[in-house]
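This structure is a prediction, so every number in the text was calculated from the model and none was measured. Order of the sequence lines sets the chain letters (A, B, ...), proteins ahead of strands, with each chain counted from 1.
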4 protein chains.
Amino acid sequence: MPELLTTTDTVRGRILASAIQLFVDQGYHVTTIPDIVASSKTSIGAVYHHFSSKEELARELHQQVIQEFMRQAEESVLPLASAKDRIRAYVDLLFSLTEKDSYFVAYLLHARPRVVVDDNLTVCSREGIEVTNHIIADGKAKGELRDEDDRILCGVISGIIMRLVDLRLDGLIVEPLPTLADKTTDSIWRAVRA
Amino acid sequence: MPELLTTTDTVRGRILASAIQLFVDQGYHVTTIPDIVASSKTSIGAVYHHFSSKEELARELHQQVIQEFMRQAEESVLPLASAKDRIRAYVDLLFSLTEKDSYFVAYLLHARPRVVVDDNLTVCSREGIEVTNHIIADGKAKGELRDEDDRILCGVISGIIMRLVDLRLDGLIVEPLPTLADKTTDSIWRAVRA
Amino acid sequence: MPELLTTTDTVRGRILASAIQLFVDQGYHVTTIPDIVASSKTSIGAVYHHFSSKEELARELHQQVIQEFMRQAEESVLPLASAKDRIRAYVDLLFSLTEKDSYFVAYLLHARPRVVVDDNLTVCSREGIEVTNHIIADGKAKGELRDEDDRILCGVISGIIMRLVDLRLDGLIVEPLPTLADKTTDSIWRAVRA
Amino acid sequence: MPELLTTTDTVRGRILASAIQLFVDQGYHVTTIPDIVASSKTSIGAVYHHFSSKEELARELHQQVIQEFMRQAEESVLPLASAKDRIRAYVDLLFSLTEKDSYFVAYLLHARPRVVVDDNLTVCSREGIEVTNHIIADGKAKGELRDEDDRILCGVISGIIMRLVDLRLDGLIVEPLPTLADKTTDSIWRAVRA
DNA sequence: AATGAATGAGGGTTCATTCAT
DNA sequence: CATGAATGAACCCTCATTCAT
């Protein structure tokens, strides 16, 4: 499982890589510092040398996830010209991320560490919405998308993608998601095209 | 907020009602027995009189949620004849539940207490899938739905509904969901109809 | 060693009795909750059931010491009429307390738990001063004490008494202090009489 | 605040100067090596290069305090001929030290680091007593002091001086102590003269 | 001589659970 | 049935100390 976020070369990187996996698998509160220490093959002291507290570690991790997600979206989705291309690219992005680093995507979809985010939103519900709304606004302006309530269009685009990712993460879809990218994009398009 | 599950007349009911709210708001592990005692205005002894342990309380709650959800689905969704009616009924069910008891729906969508469910699936990913798959299988057999990969159709139907519920729960949609039921059903239908 | 403060009948009492001894012997910071648990023959949980934290336990103890000290002073010293009688009573009080409960007196003289008192004064330097100053003001008004700087008189009275208590506590005086009460009072009187 | 003990020119000096201040302000156990490092503007490595452990650092400091105190007493108090002169010189010594380096005097009066001194005596109760007892023995032999119990005389002389120093250190006397030296000596003398 | 990353024992504290009343 | 005082394992975190650089 390649690590999107951190290198395992450094102690700090190993701790962050262990933390995201454990936070996703067990949740923030169930994950103990000893868990992280065992998984990252470091020591209690090393963890506290690099992060002032467990909360601070979670905050740092959360910021890195957001930053990496936005970087990828800005690089592969937003530059495209048409709404359909952008939707396709967004599907491709999340589907390929799912296969490349399922912990990263699981974190995007589900993590809402209340110690980190006070509005209790997941990355997908806060930063992900920005991407979707941008696709919708632009697509409507160009007449590519039908004149539907924004929230409905947002629910359609992000809901279908996220649900398929979830089914894959939960093991209810066993084949790699990119093989379903065409069909997924087609279904979304049927629901949102002008 | 009417309680779908339990009556607050009985001690046992008050405990379960407090538990689902606290579990949803804070998570199972952060919720302490003292929290539940304070919220339900009972006593430690009373909790342990009615439930053998915190885990058992969580298990009991989970079973009640599943049972109530399936009861409602079997009552309002499955009896209907056409795929479109069933989809509409499913939308109506989840949207009205969201307004009636947001804790109940939040539990359906997000709760995966590892102490209770070992496959780590939410009620929506386990029991909800059954409902969706039933709609799909029947709708395909009758030629009402297009001949698409089942997992795509499942993702479309459940994904759009769940995403809109989530946006409402997260405060990103402020109006009551039932006002969006028509448009939601329409969007789903565009994506899945034959 | 009779306990001036607390009864050892109750768990709470045993904890406080152990705490004052350990705080005096080792200091607040070196004294651990396990130390207190072992000495009071209770349990960690019992300590935290009765006191919300180690700091709160220290605060509670400090207040009890102050209250008991002031009660004794108000009962045995202040009611007396002449300055000489009061000085004699103050000597008697501290000397007899020293033999009765050396931990109590050692706490009076030396304890300055910064977690409890922000001005960093011992009970003797805060509450004890009140008693001494009262003796001085009244004795001067009646012409029994010589017209000397108040701080000098305060230093003489409290300094001589406290130093002898300290020498006894440190084992540099081995006989019971009350046998030295006459001579001590005489020396103080020579320095302060009109 | 001139440093009586150590020069801040050397790393070793800066460490010792920081240590005495921190030990007096917070106590030995609350003072951490990082505290000392920050205050002395050195590094962890430097501290452990110069001292084998925190205990060893405390021991070294304690020895320097004792040595400096005895040096000053032997230089300014003991050479004098009469008891009254010696008492006056002792008062002057402690009062001027208090103004010159309050940390040094506070250490003399209060520090009893159990890691350093196993009999749990302060410098004033161990080395200070020697000075006082010398004054008493000699003054009695010469008939300058009255024939009173040695411990009483010791309590009078050291008690009055130490108490005034304490009141000054605690901020309850705000003017420089040397202005009270005459009156202090006079009061002591009234209590001890033949 | 100097540095500071790494170590882990041991601190204060929480909380599920028990049981005498 | 109901209560809450008592228990102790296990949490997060601190800090004296080591050692490679």
Side-chain angles (χ1 to χ4, degrees), chain A residues 10-12 14-15 28-38 40-58 115, chain B residues 10-12 15 28-38 41-58 115, chain C residues 10-12 14-15 28-37 40-58 115, chain D residues 10-12 15 28-38 40-58 115:
Chain A
T10 64
V11 171
R12 187 186 178 83
R14 289 212 307 281
I15 292 170
Y28 171 81
H29 285 101
V30 185
T31 300
T32 68
I33 298 291
D35 285 344
I36 295 173
V37 165
S40 62
K41 297 194 187 314
T42 56
S43 67
I44 296 175
V47 171
Y48 283 94
H49 184 73
H50 289 284
F51 305 94
S52 62
S53 68
K54 188 182 166 189
E55 266 193 45
E56 178 60 29
L57 165 55
V115 279
Chain B
T10 65
V11 170
R12 184 186 180 83
I15 293 170
Y28 171 80
H29 284 99
V30 183
T31 301
T32 67
I33 299 290
D35 284 345
I36 296 173
V37 165
K41 299 193 189 312
T42 55
S43 66
I44 295 178
V47 171
Y48 279 92
H49 180 74
H50 289 286
F51 305 95
S52 63
S53 69
K54 188 182 167 189
E55 267 192 45
E56 178 59 29
L57 165 55
V115 281
Chain C
T10 65
V11 171
R12 187 186 177 83
R14 289 212 306 282
I15 292 169
Y28 172 80
H29 285 101
V30 184
T31 300
T32 69
I33 298 291
D35 285 345
I36 295 173
V37 165
S40 62
K41 298 196 186 312
T42 56
S43 66
I44 295 175
V47 171
Y48 282 93
H49 183 73
H50 288 284
F51 304 94
S52 61
S53 67
K54 188 183 166 189
E55 266 193 45
E56 178 59 29
L57 165 55
V115 279
Chain D
T10 65
V11 170
R12 185 187 180 83
I15 292 170
Y28 170 81
H29 285 99
V30 183
T31 301
T32 68
I33 299 289
D35 284 345
I36 296 173
V37 165
S40 62
K41 298 192 188 315
T42 55
S43 67
I44 295 177
V47 171
Y48 279 92
H49 180 73
H50 289 287
F51 305 94
S52 63
S53 69
K54 188 183 167 188
E55 268 192 43
E56 178 59 29
L57 164 55
V115 281

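The interatomic distance linking B:K54 (NZ) with E:dA16 (C1') rounds to 8 Å, in whole Å. In this structure, the CZ atom of A:R12 is 11 Å from the P atom of E:dA6, given to the nearest Å. Nucleotide F:dA9 holds its P atom 16 Å from the OH atom of C:Y48, rounded to whole Å. Regarding B:F51, its CZ atom lies at a distance of 18 Å from the C1' atom of E:dT18, rounded to whole Å. Regarding A:L57, its CG atom lies at a distance of 14 Å from the C1' atom of F:dC13, rounded to whole Å. Regarding A:I33, its CD1 atom lies at a distance of 16 Å from the C1' atom of E:dG11, rounded to whole Å. In this structure, B:I36 places its CD1 atom 13 Å from C1' of E:dT17, rounding to the nearest Å.
Relative to the side chain of C:I44, the nucleotides F:dA16, F:dT7, F:dG8 differ in distance, and F:dG8 lies closest. The side chain of D:S43 has E:dA2 as its nearest neighbour among E:dA2, F:dG4, E:dA16. Closest to the C:A46 side chain, of the nucleotides F:dA6, E:dA16, E:dT13, is F:dA6.
The partner of E:dT13 is F:dA10, judged by Watson-Crick or G-U wobble contacts that both fall below 3.5 Å. Within the shown strands, F:dC19 is the pairing partner of E:dG4 under the Watson-Crick or G-U definition, both distances less than 3.5 Å.
When each of A:K41 and B:S52 is assigned the nucleotide of DNA chain E bearing its nearest heavy atom, the one mapping closer to the 5' terminus is A:K41. For the pair C:V11 and A:S53, both in contact range of DNA chain F, the more 5′-proximal nearest nucleotide belongs to C:V11. If A:V47 and B:G45 are placed on DNA chain E by their nearest nucleotide, the residue sitting closer to the 5' end is A:V47. Each of B:H49 and D:Y28 was assigned the nucleotide of DNA chain F with the nearest heavy atom; the assignment lying further toward the 5' end belongs to B:H49.
In this structure, D:T31 reaches the sugar-phosphate backbone alone: every heavy-atom distance under 4.0 Å involves primed, P, OP1 or OP2 atoms, never a base. Contacts of A:T10 with the nucleic acid, taken as non-hydrogen atoms under 4.0 Å apart, are absent. Residue contacts shown for D:H29 are absent, as no nucleic acid heavy atom lies under 4.0 Å away.
The shortest distance between the side-chain N/O atoms of B:H50 and the OP1/OP2 oxygens of F:dC1 is not below 4.0 Å.
Side-chain atoms of D:K54 come within 3.5 Å of backbone N or O of D:Y28 as a donor-acceptor pair.
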